[in-house]
Amino acid sequence: MTLSRKILQGWNVLAIDDEPDSLEVIALVLTYYGANVIRASNGQEGLDAVKVQRPKLIISDISMPIADGWMLIYELRKNRATMDIPVIALTAHAMAGDRERAIAAGFHNYLTKPLTPATFLSDLLRLLVDLPEFTDLIQDQPND
């Protein structure tokens, strides 16, 4: 399936990662497909950004200084205003049981690093296919 360059048009997506290269890949790919990408380099900056701009989606590293992804998801899930925002966990340390632990903590799903620019968006959409608003995006795509 060929994805429209406007598939994420009008979407605010918060990308949180302390690794500039990962943040850059996320921002470049999502911007290419129409998203407005808000960047943060740790969980505390991410929480601050959520208060200012309610994102439709958050993609967050788990291992970060100051405030990690575990603290971020805990704070988001205990707040009624942010508890329903889908959050995708990112990690370079994929071990057996990590995906289950992330989902049990409140992450919607889990991606491993390094991110591949060529497949990042399709990998991401595949993880979000069970959410109605994301399913609609995929179904509205032209069949090339």
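Hydrogens, waters and symmetry mates are skipped; everything else that's a heavy atom, side chains included, is used.
Not one N or O on the side chain of Arg39 forms a donor-acceptor pair closer than 3.5 Å with the backbone of Glu24.
Nearest heavy atom pair, residue Ile88 against residue Phe107, reads C-CD2, 4.1 Å. Looking at every heavy atom in both residues, Ala40 comes nearest to Gly46 through CB-N, 3.6 Å. The two residues Ala15 and Leu23 come nearest to each other via the heavy atoms O-CD1, 3.4 Å. Between Ala67 and Gln44 the shortest heavy-atom distance is CB-N, 3.4 Å. A pairwise comparison of heavy atoms in Ala105 and Trp70 identifies CB-CZ3, 3.6 Å as the closest pair. Closest of all the heavy-atom pairs between Ser22 and Leu115 is O-CD1, 4.2 Å.
With hydrophobic clusters built from ILVMFWY side chains whose heavy atoms lie under 4.5 angstrom apart, Leu28 does not share a cluster with Tyr32. Residues Leu76 and Tyr74 are members of separate hydrophobic clusters, defined by side-chain heavy-atom contacts under 4.5 angstrom among Ile, Leu, Val, Met, Phe, Trp and Tyr.
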Inset, instruction - Show the numbers, then the answer: is there a salt bridge (charged side-chain N to carboxylate O under 4.0 Å, His left out) between Glu19 and Lys113? - result: CA-CA 11 Å; Glu19 294 179 18; Lys113 293 197 265 184; 3.6 Å; yes
Inset, instruction - Show your working on side-chain contact (heavy atoms from CB on, under 4.5 Å) between Leu8 and Asn36 and close with a plain yes or no. - result: CA-CA 8 Å; Leu8 299 176; Asn36 172 45; over 6 Å; no
Legend entry - Derivation of the side-chain contact (heavy atoms from CB on, under 4.5 Å) call for Phe120 and Leu30: CA-CA 9 Å; Phe120 172 64; Leu30 296 182; 3.9 Å; yes
Inset, instruction - Go through the steps to decide whether Glu100 and Ile103 satisfy the test side-chain contact (heavy atoms from CB on, under 4.5 Å), and finish with yes or no. - result: CA-CA 5 Å; Glu100 292 75 16; Ile103 291 171; 6.0 Å; no
Inset, instruction - Start with the C-alpha gap between Asn42 and Asp68, add the side-chain angles, then the distance that decides, and say whether side-chain contact (heavy atoms from CB on, under 4.5 Å) holds. - result: CA-CA 7 Å; Asn42 63 63; Asp68 63 14; over 6 Å; no
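For the atom pair CZ of Arg54 and OG1 of Thr82, the computed distance is 7.5 Å after rounding to the nearest 0.5 Å. Atom CD1 in Ile7 sits 11.5 Å away from atom CD in Gln9 (nearest 0.5 Å). Once rounded to the nearest 0.5 Å, the distance linking NZ of Lys51 with CG of Asp48 reads 5.5 Å. Taken to the nearest 0.5 Å, the CG atom of Leu124 stands 11.5 Å off from the OH atom of Tyr33. To the nearest 0.5 Å, the span separating CG on Asp17 from CD1 on Ile59 amounts to 10.5 Å.
Under the salt bridge (charged side-chain N to carboxylate O under 4.0 Å, His left out) criterion, Lys78 pairs with Glu75, sequence neighbours left out.
Checked options Ile58, Ile16, Asn12; the residue passing with Ile38 is Asn12 (criterion: side chain to side chain contact (heavy atoms under 4.5 Å, CB included)). Evaluated for a side chain to side chain contact (heavy atoms under 4.5 Å, CB included) with Ile62, the options Thr91, Leu90, Ile73 yield exactly one hit, Thr91. Screening Leu14, Asn79, Leu72 for a side chain to side chain contact (heavy atoms under 4.5 Å, CB included) with Leu47, the sole residue that qualifies is Leu72.
The shortest side-chain heavy-atom distance between Val13 and Pro55 does not fall under the 4.5 Å cut-off.
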